[in-house]
Trainee: 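Right, I'll just put the structure down here and ask away after.
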Amino acid sequence: MAEAERIIGTPDTPGAGPGPEQRDVRGTDGTDGMDDTDGAGRADTAADAGASAARPRRRRVAVLFAVAAFAYALDLVSKLLVVAKLEHHRPIEIVGDWLKFEAIRNAGAAFGFGEAFTVIFTVIAAAVIVVIARLARKLYSLPWAIALGLLLGGALGNLTDRIFRSPGVFEGAVVDFIAPKHFAVFNLADSAIVGGGILIVLLSFRGLDPDGTVHKD
């Protein structure tokens, strides 16, 4: 009997039961007992890093579209007011002869250039919008977001005129009304485009790329 108890053990005998080589090495969750904390931690860290990197880009894209929406809305409202209140009326003097509001229909590009190429300018405006949308996918720079937003809002403003105003779709004349002395008549969309272009030139001169990196030639 003693020999049998020694072999199979008894429930109430201290230290009895399976030896180290017989113990169940499975974890409480049914796994093989291997510690996968390090693997899960690395995966969580990588996911957090990816999410952290995406947040600044989403904020910059939000700034881009907010600036574009503001520029577009301002241009659209100003043109509606000009057509309703100023077209076919005498110009309004703002600063004597130096600055007037005068309604002009422009079939050309910004500041009245190239009136024979209305369709081409329409295509160019649409291409600019597509390029800006593609750049937004790698946008991490706030100044670039503002510059591209100005370009996008201005391009959308004039493109709306090209599509919906007479004499026809893609051939519509843009409404211009800001008339400085000895200068071409323009609108707020033109101003946004020029402002965005100047800002892009300055950023490029400083070596700042849309993704936020700075390079020196």
Side-chain angles (χ1 to χ4, degrees), residues 61-133 135-136 142-205 210:
V61 172
V63 170
L64 187 158
F65 286 113
V67 171
F70 178 76
Y72 176 71
L74 201 61
D75 177 69
L76 184 62
V77 170
S78 67
K79 289 174 179 176
L80 291 174
L81 290 174
V82 166
V83 171
K85 303 294 184 181
L86 188 58
E87 199 166 34
H88 309 304
H89 291 77
R90 291 175 58 86
I92 300 175
E93 293 185 353
I94 304 301
V95 186
D97 291 338
W98 291 97
L99 179 62
K100 297 185 294 184
F101 284 168
E102 181 179 4
I104 299 292
R105 294 294 182 115
N106 170 27
F111 307 108
F113 300 123
E115 293 187 4
F117 303 98
T118 305
V119 175
I120 295 176
F121 293 132
T122 303
V123 173
I124 292 174
V128 168
I129 294 171
V130 172
V131 170
I132 293 174
L135 283 175
L142 180 59
W144 269 95
I146 295 172
L148 293 177
L150 289 172
L151 279 180
L152 180 59
L156 285 172
N158 284 339
L159 184 61
T160 300
D161 283 357
R162 305 285 187 197
I163 295 175
F164 295 106
R165 297 193 186 277
S166 60
V169 178
F170 300 119
E171 297 181 352
V174 174
V175 176
D176 290 335
F177 63 95
I178 304 174
K181 188 176 182 179
H182 305 309
F183 196 73
V185 184
F186 60 96
N187 57 41
L188 295 181
D190 297 333
S191 301
I193 292 171
V194 172
I198 292 174
L199 183 53
I200 287 176
V201 171
L202 293 176
L203 294 174
S204 299
F205 181 76

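Because only heavy atoms are used, hydrogens play no part in the values below, and waters and symmetry mates are left out as well, while side chains stay in.
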Trainee: Distance from Glu87 atom CD to Phe177 atom CZ, nearest 0.5 Å?
Mentor: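 Answer rounded to 0.5 Å: 12.5 Å.
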Trainee: How many angstroms lie between atom CG of Asp190 and atom CG of Asp75, to the nearest 0.5 angstrom?
Mentor: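 Spacing of CG (Asp190) from CG (Asp75) equals 8.0 Å.
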Trainee: For the residue pair Ser78 and Leu188, what are the closest heavy atoms and their distance?
Mentor: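 Looking at all heavy atoms of both residues, the closest pair is OG-CD1, 3.7 Å.
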Trainee: Rounded to the nearest 0.5 Å, what's the gap from CZ on Arg165 to CG on Asp161? Could you check?
Mentor: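 These two atoms lie 4.5 Å from each other.
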Trainee: Can you check side-chain contact (heavy atoms from CB on, under 4.5 Å) on Val175 and Arg105, steps first, answer last?
Mentor: CA-CA 5 Å; Val175 176; Arg105 294 294 182 115; 3.8 Å; yes
Trainee: Begin from the C-alpha positions of Trp144 and Ile200 and carry the test side-chain contact (heavy atoms from CB on, under 4.5 Å) through to its verdict.
Mentor: CA-CA 7 Å; Trp144 269 95; Ile200 287 176; 3.6 Å; yes
Trainee: Side chains of Leu99 and Lys181: closer than 4.5 Å at any heavy-atom pair?
Mentor: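 No; the side chains remain at least 4.5 Å from each other.
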Trainee: Would you check, one step at a time, whether the test side-chain contact (heavy atoms from CB on, under 4.5 Å) holds for Leu152 with Val67?
Mentor: CA-CA 9 Å; Leu152 180 59; Val67 171; over 6 Å; no
Trainee: Are Val194 and Phe186 side-chain neighbours, meaning at least one heavy-atom pair lies under 4.5 Å?
Mentor: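 The answer is no, as the side chains (C-beta and beyond) never meet within the 4.5 Å cut-off.
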Trainee: Report yes if some heavy atom in the side chain of Phe101 is under 4.5 Å from a heavy atom in the side chain of Val82; otherwise report no.
Mentor: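 Heavy-atom side-chain distance check fails, nothing below 4.5 Å.
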Trainee: Decide yes or no for Asn158 and Ile193: does some side-chain heavy atom of the first lie under 4.5 Å from some side-chain heavy atom of the second?
Mentor: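 When only atoms from C-beta onward are counted, Ile193 and Asn158 do touch, with a gap below 4.5 Å.
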Trainee: Does the side chain of Asn187 come within less than 4.5 Å of Asn106's, by heavy atoms?
Mentor: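 SC-SC contact between Asn106 and Asn187 ruled out.
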